[in-house]
Amino acid sequence: MGELKDLDTLVALAKRRGLVFPSSEIYGGINSCWDYGPLGVELKRNVKEAWWQATIRAHDNVVGADTSIIMHPDVWRASGHVDNFTDPLVDCKQCKQRFRADQIPGDRCPNCGGELTKPRQFNLMFKTFMGPVEDAAAQVYLRPETAQGIFVDYKTIQAAARLRIPFGIGQIGKSFRNEVSPGNFIFRSREFEQMEMEFFVSEKDDDYWFQTWVEERFQWYIRLGVRPERLRKRPHGQEELAHYAKACIDVEYLFPFGWHEVEGIAHRGRFDLTQHQEHSGKDLSYFDDQTGEHYIPIVIEASAGVDRALLTFLADAYDEEEDQGETRVVLRLHPQLAPVKVAVFPLQKKPALVEKAQALRKDLARRYNVAYDEAGSIGRRYRRQDEVGTPYCITVDFQSLEDQAVTVRDRDTTRQDRVSMEQVPQYLEEKMRTYQRYRP
Ligand code: GAP
């Protein structure tokens, strides 16, 4: 009973209910690629929408973009990814298993105790070819981070949107990394989505903006219902900083497999813009029309994984409780994230009830993703919705035909309210607006 104890429970639920499951399963699957089903795609859209709203729309000095996955290969030489975006790889001479040297204790194989090869650097970028000729001149990369698209476009966007420092540019999109050891479900995969925002500042207030974005991003998870005691901020030690970063603070979550990074907020200094200015030969300085100064801005970055945030919300929401001798599984997802906001049930499959329930479903579907279910007992139908985190279930019963009212049942408390049908939209709006994370 209680919270999520092992990841397998969540993986099984995600597959059973069509949230997330392995890609290409009929061919035996492909390691670390995942597909999102009908409920998963709704949840994912809600995560991205919540990020877009909080990080871009809520700020009058932050704008959005959507840059291409394949970029000029020189981008990755300038950014340092061709030379530095590597993991140290070791092979076991005995069992032939492969490991990341920095992720294993000691110098023997963690699988069979065999001798390991010397570490060699393995670049994580996926390579492919552009056009019909497969030679070195046509080689391109799938981006390993969305950030570089923002850096190379920053002057075009700044001029078009008439932005003045401090300002930010954010985007959401796929990134690809040929990870040596993917795993823990969607936590580390080779194809994933990122939500990144690059904030351009001057040296007068770079530390202020770094701290501000750390706090802002940390609070985002809490506002969306994650229990604060399972979140922490962890500053990187000098030795673990990425090649571009002057400082970095990770937002970490206590998963069933330990504390791990969900998002990184980094002080990237002038590294990226200076590199791109040198390699492209284009002037990437910002002109301050008030002081008459030209300078390369400092970049503060907030970089989150969509899939990893989604895993955090799912893991944190998972709860089990005893209910009349059975186990009730409930995802206590924030209504803003819940894939289905409201489910509508006719008490029985009688034409008059079905007709009324369908009319209500149609009306609510103009605002929300609504489920309709007429199969099985009401108890069974509640269970099906609890398991995927639907915050409200509405039952149309025989009394409804007389009094034009319905029963609205709350997922967390299981309390039921009788609400007049015409008041249902306002009732739901108010409940969602005032939602607080439920603590049994
Ligand atoms: N632009 C900076 C950057 O990409 P990162 O720490 O390498 O920094 C940022 O990645 C975020 O992207 C991580 O906090 C994580 O949420 C997500 N991420 C990175 N690699 C991932 C992977 N292999 N699978 C899923 N998410 C990943």
Side-chain angles (χ1 to χ4, degrees), residues 20 23 31-34 36 44 47-48 51 55 65 67 69 71 75-76 79-81 84-87 100 102-103 122-126 141-152 154 168-199 210 213-214 217-218 220-221 226 231-236 240-253 255 257 259-269 271-273 275 299-315:
V20 191
S23 162
N31 191 12
S32 90
C33 294
W34 299 92
Y36 288 75
K44 203 180 197 198
V47 170
K48 291 193 271 187
W51 182 91
T55 317
T67 70
I69 287 173
M71 301 175 72
V75 168
W76 306 109
S79 69
H81 284 81
N84 300 314
F85 197 57
T86 53
D87 276 342
R100 252 175 73 174
D102 56 342
Q103 282 184 348
F122 169 74
N123 196 293
L124 301 185
M125 282 195 294
F126 277 96
Y141 301 96
L142 301 187
R143 67 180 175 199
E145 61 170 12
T146 70
Q148 296 302 326
I150 295 176
F151 298 139
V152 302
Y154 110 93
I169 305 171
Q171 73 169 327
I172 300 177
K174 289 259 177 163
S175 290
F176 302 82
R177 295 183 190 179
N178 202 359
E179 298 280 1
V180 176
S181 44
N184 285 324
F185 191 28
I186 52 174
F187 179 82
R188 180 171 285 109
S189 47
R190 293 188 170 123
E191 173 179 342
F192 56 97
E193 257 181 298
Q194 289 186 309
M195 311 183 273
E196 300 201 293
M197 197 278 302
E198 311 299 323
F199 201 71
F210 180 54
W213 280 109
V214 168
R217 293 302 308 142
F218 188 76
W220 183 76
Y221 295 92
V226 178
L231 278 176
R232 71 179 185 193
K233 297 173 202 148
R234 193 184 67 81
H236 279 207
E240 61 177 320
L241 284 174
H243 63 270
Y244 51 74
K246 275 174 83 172
C248 185
I249 293 182
D250 284 346
V251 176
E252 293 191 337
Y253 179 73
F255 291 99
F257 48 94
W259 284 101
H260 286 280
E261 170 189 348
V262 180
E263 166 160 1
I265 298 93
H267 186 305
R268 292 182 79 128
F271 178 82
D272 303 274
L273 295 182
Q275 286 291 107
V299 171
I300 307 299
E301 167 183 82
S303 173
V306 175
D307 315 77
R308 223 177 259 192
L310 188 145
L311 180 63
T312 305
F313 292 125
L314 278 181

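Order of appearance sets the numbers: ligands from 1, and atoms from 1 within every ligand.
- Ligand 1 places these atoms under 4.0 Å from at least one heavy atom of Val262: 14 (O), 15 (C), 16 (O).
- For the atom pair CD of Glu261 and CZ of Arg234, the computed distance is 8.0 Å after rounding to the nearest 0.5 Å.
- Residues Ile150 and Ile169 share a closest heavy-atom pair of CD1-O, 3.4 Å.
- Taking every heavy atom of Glu145 and a limit of under 4.0 angstrom, the matching atoms of ligand 1 come to 1 (N), 2 (C), 3 (C), 4 (O).
- For atom 12 (O) of ligand 1, the closest heavy atom belonging to the protein is Gln194 NE2, 3.2 Å.
- Listed by atom number, the atoms of ligand 1 under 4.0 Å from Glu301 heavy atoms are 1 (N), 2 (C).
- Close contacts between ligand 1 and Glu179 involve ligand atoms 20 (N), 22 (C), 23 (N) [criterion: under 4.0 Å to a heavy atom].
- Nearest to atom 1 (N) of ligand 1 by heavy-atom distance, out of Glu263, Glu198, Arg188, Glu196, is Glu196.
- Here the heavy atom of the protein found nearest to atom 25 (C) of ligand 1 is Phe187 O, 3.2 Å.
- A 4.5 Å side-chain heavy-atom check between Arg217 and Trp51 finds at least one atom pair inside the cut-off.
- Looking at heavy atoms from C-beta onward, Arg143 lies out of side-chain contact with Gln148 at the 4.5 angstrom threshold.
- The nearest protein atom to atom 7 (O) of ligand 1, hydrogens excluded, is given as Arg177 NH1, 2.7 Å; this is a heavy-atom distance.
- Using the six-membered ring where Trp is involved, His81 and His243 have ring planes that are perpendicular, over 60° apart on the 30 and 60° scheme.
- Between Ala304 and ligand 1, a contact under 3.5 Å exists for no N or O pair.
- The protein non-hydrogen atom at the shortest distance from atom 26 (N) of ligand 1 is Phe192 CD1, 3.5 Å.
- Residue contacts with ligand 1, taken as heavy atom pairs separated by less than 4.0 Å, involve Arg268 solely via side-chain atoms from C-beta onward.
- Ring pair Phe257/Phe255 is parallel by interplanar angle, where below 30° counts as parallel and above 60° as perpendicular.
- Between Glu193 and Lys48, some side-chain heavy-atom pair lies under the 4.5 Å cut-off.
- Annotation: side chain of Val299 is in contact with side chain of Phe151 (closest heavy-atom distance under 4.5 Å).
- For atom 13 (C) of ligand 1, the nearest non-hydrogen atom of the protein is Glu261 OE2, 3.3 Å.
- Short contacts between ligand 1 and Tyr244, defined as distances under 4.0 Å to a heavy atom of the residue, involve ligand atoms 2 (C), 3 (C), 8 (O).
- Side chains of Asp307 and Tyr36: a donor-acceptor N/O pair is present below 3.5 angstrom, by distance only.
- Residue contacts with ligand 1: Ile186 is placed with no nitrogen or oxygen under 3.5 Å of a nitrogen or oxygen of the ligand (distance criterion only).
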